[in-house]
J.: 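Handing you a structure now.
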Amino acid sequence: MGMGQRLCRGRWRCYHQCISRPTHHTTTTNVRSESNQNAARRQPTPVVSRSKSTYSKTSVAIEISESIKPGSVCFQRTPVPYTRPVTLLCVPILIRDPQLALSEAQNAQSAGADIVEFRIDEFFDPALAEADPDRQEREIARLVRESPLPCIVTCRSAKEGGGYSGSEDERIAMYERLASGERKGSEPRYLDLEFAAAAVPDVHTRVARIFGSSSDSEQRTGLIISAHDFQGRPADLTRRVLAMRADGFANVIKVAFRARSLRDNLELFELLRDADRPMIALGMGEFGLMSRVLAPKFGGFLTFASLRPESVTAPGQPTVSELLDLYRFRSIRKSTKVFGVIGWPVGHSMSPLVHNAIFTEYKFDGVYLPLPVPSAEGTSESDATFASFKATLGSLIDDPILDFCGASVTIPHKENLVRFAIERLKAQPGVWSLDAVSLATGAANSLLIEREGARISRVRVFNTDVPAALAPLRAALGSLEQKGIAIVGAGGVGRGIAYGLAQAGAQVTIFNRSLPRAEQLVAALSEHLTGPGSLRAVVSEALSALPRFDAYVNCTPVGMAGGPDPSGIPVPIEKLGSAESNSGNNRSASVVLDTVYKPVETPLVKAARNAGWTAIDGVTMFIEQAALQSEAWTGRSGPRQLMDRLVRAKLSQPQR
C-alpha cells in the first residue's frame, strides 16, 4: 500500500478531510482493529487518501457506518461545504541521516502520531551533490515511500527559521519533481512552502502549475502555504492571511508566530474559527502552548509535537507524551472546558499533572494548562503587573468561545486576583463573589466561572490555601482552639494561614526578620478577625528563646530546592529539643508543617522527624488545596490518594 493510500489507526466515527474535489465513487479499505486499552487511549486520527481526485477548495466528508467491523470499512465520499477536520498530531523530524529519520518516524507512529513532517532543510543541498546530483532527491523519495506514516515534506527557508539557504530555483524544482510522481509511490502527502516565497511571480506561476490545475488528472500531493514570525505577531497578520486565502490552490494555510502573551492565542483561535479551509494557527514560545493544546477545540488541521524535549523544531513545542498523556489531546473537543494555573513562572507547576489526572478519572470534559502571566519589572512593578494580569485574565474570562471556566492562581498573582475581583464585584455585584478569607487576607488562589451558554452566570473567587493548611494541623492536634502555633514568615502564605488559625481559635505568633512588617500584618488581620483566637508579632531571633509551641508552620522559601537557602532549617528544632525531653519548655511534643514541597523531605521535615516530632510535608497541603479546587470545578470529591501518588512519584524523579 503506497503512502497516498495509508490510513492511521483510529476510532471509526465521522471524520472530515478538507482536501480535494472528490470523484463520485465508493472506496473500500481495510482498518486495523486495536484491542489494547492503552493504545486505544492514544489512537490517532485517520489520514485519508487523496487518490483519484484533483485538488480544489471543496471538502470531502467521510461518512462511516456505525455497524462497521474491523476489516471492511466503506467510505462514502460526498461533496459538502468545508467542515473542520479532526486535528492531527504531527511529529517534525529534522533530516540529517535518512535511515535514522525513518527510525524516528517509526517511533512517532508508536508514540501515537498521525503524520510526520520531514524537515529536509539541512539535508537538501544541491551544492554538495556534485558527484551524484540525484542522490539527495532519491533519499528524500525513499523517506516518503518507506515512511510508516503519511508525511509532509518541508524545506524551510532560513528567512523563516529553517536551515535552507540555497538556490530558490533548485528548491522549487525539487518540489515540482516530488509532486509530479516521477518516482511512483514517493509523493508526499503535503509539501510546505512559505507564502513569501510563493508570492514571487515566477515561483507563483510554477506553484500554480503544480497545485492549481483544474484538470481531472490524479494529484496525490497537497500544498501547505505557511508564514512564520519568530519575533512576534506580524503587524500585517490579517492582510497576510487574506492574501494566503486568495490563492485557491493552497490546500492548507499555516500561520505561526511567537506569542507575546496569552491573549495572542485568542486571535489564533479566531483565525481558525473563520477559516475557509484546513488551517494551522500556532503560537510559538511559552505563551503559545495554549494554541497547540487546544487546536482540536477550534478545528485546527494539525498541531506539532516532538518525540523528546531535545528534538523540538520550534520554541514552546510540547512532546507527544505531554500532549497525549498530560493534556489528554485526544479527548479535547469543541465542548471542552478550559482551566489552568496562572502565575510566573508556571512551567514546572505540578497542577497540570494533578488536575488533568482528575479530569481523566472523572471523565470530566476539561483540560488544564499552564497560563503564564509575567510580573513586570521597574519602579511601578505592582501596578504594571496588575495591569498585565487584569488585561489577560479579563480577556480569558470574557472570550465568548474559549469556555474558560476556572483557574488556580499562584505567585505573584494571588493579591492581583483579589484586586481584580473587587473591581469586577463593583461592576457586577450579582455575578461576582469573594470569600471572607480572601477579603481578609487580600489573597486568593482559586477562580470558578460558571456559564450558561455564552453568558457568564456566576464567578467565585476563593482561597483553598488556608483550609488546606488547617486540615492536617487539626488532624494532628485534635483541635486548634487554644493551641499555640508559630508562623515563620510574614509573606502572603503566612498571612493567610495566620488568619485562618486565629479564626479557628489558635493563639498565633508570627515570627519575621522584620518586626515592623509582622506588626503591620497583625494589625491588618486583626481588623477582620472575628474568631476566638489571637495574633501577635515577634522578631525571628526570639524563636528559640520562647517556650515550645504546639505547632510550627514554615511559610518562607527556606529549604526549597533552587531557593535562596535550600539547606536551611527555619525552625531551630535542635535547640528546642526532642519529643522525649521538653528541655525546660512547657510542652513535650510539637507538630511541624512545611509549606515547601520541593523537595518532599525538606531539611525542616527531616530534622523534625529525627527529633521525634510530627512532620507534615508540603505535598500534603498542596494536595488538599488542589482537591478543594477540583471539588469546586467538577462537583465531586477530589481523589486525594490518586493525587498524592502522582505528585510524590513526579517529585521523586530527577529534574531535567
J.: Write down the atom of V605, the atom of I616, and the distance for their closest heavy-atom approach.
T.: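 Looks like CG2-O, 4.4 Å.
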
J.: Start with the C-alpha gap between S438 and D435, add the side-chain angles, then the distance that decides, and say whether side-chain hydrogen bond (donor to acceptor under 3.5 Å, both in side chains) holds.
T.: CA-CA 6 Å; S438 301; D435 74 342; 2.5 Å; yes

J.: Please name all residues satisfying ring-ring contact (aromatic ring centres under 6.0 Å, His included) with Y597, sequence neighbours left out, ordered by chain then number.
T.: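 Listed in chain order: F622.
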
J.: Taking only residues two or more places apart in sequence or in another chain, which ones pass salt bridge (charged side-chain N to carboxylate O under 4.0 Å, His left out) with R513?
T.: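 With sequence neighbours excluded, R513 shows a salt bridge (charged side-chain N to carboxylate O under 4.0 Å, His left out) to no residue whatsoever.
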
J.: Do the side chains of R460 and E450 get close enough for a salt bridge, i.e. N-O under 4.0 angstrom?
T.: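 Salt bridge flag = no for E450 with R460.
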
J.: Would you say R419 and S382 make side-chain contact, with heavy atoms under 4.5 Å?
T.: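 A side-chain contact exists here, since the closest heavy-atom pair is under 4.5 Å.
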
J.: Quick one: side chain to side chain contact (heavy atoms under 4.5 Å, CB included) partners of V592, sequence neighbours excluded?
T.: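 V592 satisfies side chain to side chain contact (heavy atoms under 4.5 Å, CB included) with Y552, I573, L604, A608, W613 once adjacent residues are dropped.
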
J.: Using a 4.5 Å cut-off on heavy atoms from C-beta on, say whether the side chain of H528 contacts that of Q503.
T.: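 Answer no - side chains too far apart.
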
J.: OG1 of T634 to NE2 of H355: how many Å apart, nearest 0.5 Å?
T.: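 Interatomic distance, T634 OG1 to H355 NE2, rounded to 0.5 Å: 10.0 Å.
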
J.: Between R292 and F304, is NZ or CZ placed under 6.0 angstrom from the six-membered ring centre and within 45° of the ring axis?
T.: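 Output no; distance or angle outside limits.
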
J.: Considering only heavy atoms from C-beta outward, does the side chain of T385 approach that of W344 to under 4.5 Å?
T.: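 Not touching, per the 4.5 Å side-chain cut-off.
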
J.: Do you know the tightest heavy-atom contact between L289 and G316?
T.: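 Looks like CD1-O, 4.3 Å.
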
J.: With sequence neighbours excluded, tell me which residues meet ring-ring contact (aromatic ring centres under 6.0 Å, His included) with H413.
T.: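 ring-ring contact (aromatic ring centres under 6.0 Å, His included) check on H413 returns F389.
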
J.: Within a strict 4.5 Å, meaning less than it, do heavy atoms of the L266 and S395 side chains meet?
T.: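 Contact flag for L266/S395 side chains = yes.
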
J.: For residues 619-638, which residue pairs qualify under salt bridge (charged side-chain N to carboxylate O under 4.0 Å, His left out), counting only residues two or more places apart or in two chains?
T.: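 Matches after skipping sequence neighbours: E624-R640, E631-R640.
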
J.: Report yes or no: does T602 contribute a side-chain atom to a donor-acceptor pair with the main-chain N or O of P599 at less than 3.5 Å?
T.: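 It does not hold such a pair.
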
J.: Can you measure from OG1 (T595) to CE (M560) and round to the nearest 0.5 angstrom?
T.: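 Between T595 OG1 and M560 CE, I get 9.5 Å after rounding to 0.5 Å.
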
J.: Which heavy atom of Y368 sits nearest to which heavy atom of S408, and what is that distance?
T.: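 Where Y368 meets S408 most closely, the heavy atoms are OH-OG, 2.6 Å.
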
J.: List the steps and the verdict of side-chain contact (heavy atoms from CB on, under 4.5 Å) for T319 and L307.
T.: CA-CA 6 Å; T319 64; L307 284 174; over 6 Å; no

J.: For residues 347-361, which residue pairs pass the salt bridge (charged side-chain N to carboxylate O under 4.0 Å, His left out) check, not counting sequence neighbours?
T.: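 Residue pairs passing salt bridge (charged side-chain N to carboxylate O under 4.0 Å, His left out), neighbours aside: none found.
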
J.: Between D617 and K598, does any side-chain N to carboxylate O distance fall below 4.0 Å?
T.: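 Looking at D617 and K598, the cut-off is not met.
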
J.: Please list, chain by chain and in numerical order, all residues satisfying side chain to side chain contact (heavy atoms under 4.5 Å, CB included) with V558, sequence neighbours excluded.
T.: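 Testing V558 for side chain to side chain contact (heavy atoms under 4.5 Å, CB included), a comparison that skips the adjacent residues, returns T556, D565, P570.
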
J.: Taking ring-ring contact (aromatic ring centres under 6.0 Å, His included) as the test, write out the residues that go with F257, two or more places apart.
T.: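 Counting only residues at least two positions away or on another chain, F257 forms no ring-ring contact (aromatic ring centres under 6.0 Å, His included).
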
J.: Any idea which heavy atoms bring I623 and D644 closest together, and the distance?
T.: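 Smallest heavy-atom distance, with atoms named: CD1-N, 3.7 Å.
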
J.: Can you tell me how far CD of Q625 sits from OG of S351, rounded to the nearest 0.5 angstrom?
T.: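 If I round to the nearest 0.5 Å, the distance is 6.0 Å.
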
J.: Looking only at non-hydrogen atoms, find the nearest pair between L480 and L501 and report the distance.
T.: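 Of all heavy-atom pairs spanning L480 and L501, the closest is CD1-CD2, 4.0 Å.
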
J.: Mind checking ring-ring contact (aromatic ring centres under 6.0 Å, His included) for Y327 and listing every partner two or more places apart, or none if nothing turns up?
T.: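 For Y327, no residue satisfies ring-ring contact (aromatic ring centres under 6.0 Å, His included) once neighbours in sequence are set aside.
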
J.: Below 4.5 Å, heavy atoms only, C-beta onward: do T87 and F329 meet side chain to side chain?
T.: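 They are in contact (side-chain heavy atoms under 4.5 Å apart), so the answer is yes.
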
J.: Please, which pairs that meet salt bridge (charged side-chain N to carboxylate O under 4.0 Å, His left out) have at least one residue in residues 298-310, sequence neighbours excluded?
T.: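 Residue pairs with at least one partner in residues 298-310: E104-R308.
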
J.: Would you please name every residue forming a side chain to side chain contact (heavy atoms under 4.5 Å, CB included) with Q428, sequence neighbours left out?
T.: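 Here the qualifying residues are R424, V431, W432.
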
J.: Would D365 and S335 count as a side-chain hydrogen bond (donor to acceptor under 3.5 Å, both in side chains) if you check the C-alpha gap in whole Å, the side-chain angles of each, and the deciding distance to 0.1 Å?
T.: CA-CA 7 Å; D365 187 15; S335 61; 2.6 Å; yes

J.: Search all heavy atoms of F549 against all heavy atoms of S590 and return the closest pair with its distance.
T.: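 For F549 versus S590, the nearest heavy atoms are O-OG, 2.6 Å.
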
J.: Mind checking side chain to side chain contact (heavy atoms under 4.5 Å, CB included) for P315 and listing every partner two or more places apart, or none if nothing turns up?
T.: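 P315 satisfies side chain to side chain contact (heavy atoms under 4.5 Å, CB included) with F230, R258, M284 only.
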
J.: Output yes when a side-chain donor or acceptor of D465 lies under 3.5 Å from a complementary backbone atom of G496, and no otherwise.
T.: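 It does not hold such a pair.
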
J.: Would you say the side chain of L371 lies within less than 4.5 Å of the side chain of L393, judging by non-hydrogen atoms?
T.: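 L393 does not reach L371 side chain to side chain.
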
J.: Could you check S457 against R451 for side-chain hydrogen bond (donor to acceptor under 3.5 Å, both in side chains), going step by step and ending with a plain yes or no?
T.: CA-CA 5 Å; S457 59; R451 299 177 182 272; over 6 Å; no

J.: Got a second to check how far R517's CZ is from I510's CD1, nearest 0.5 Å?
T.: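 So the gap between those two atoms works out to 11.0 Å.
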
J.: Would you say I358 and P639 make side-chain contact, with heavy atoms under 4.5 Å?
T.: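 Yes, close enough: below the 4.5 Å cut-off.
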
J.: State yes or no: are the ring centers of F359 and F364 separated by less than 6.0 Å?
T.: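 Between F359 and F364, the centre distance is under 6.0 Å.
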
J.: Pair I449, I456 - check side-chain contact (heavy atoms from CB on, under 4.5 Å), show working.
T.: CA-CA 7 Å; I449 303 113; I456 297 173; 4.0 Å; yes

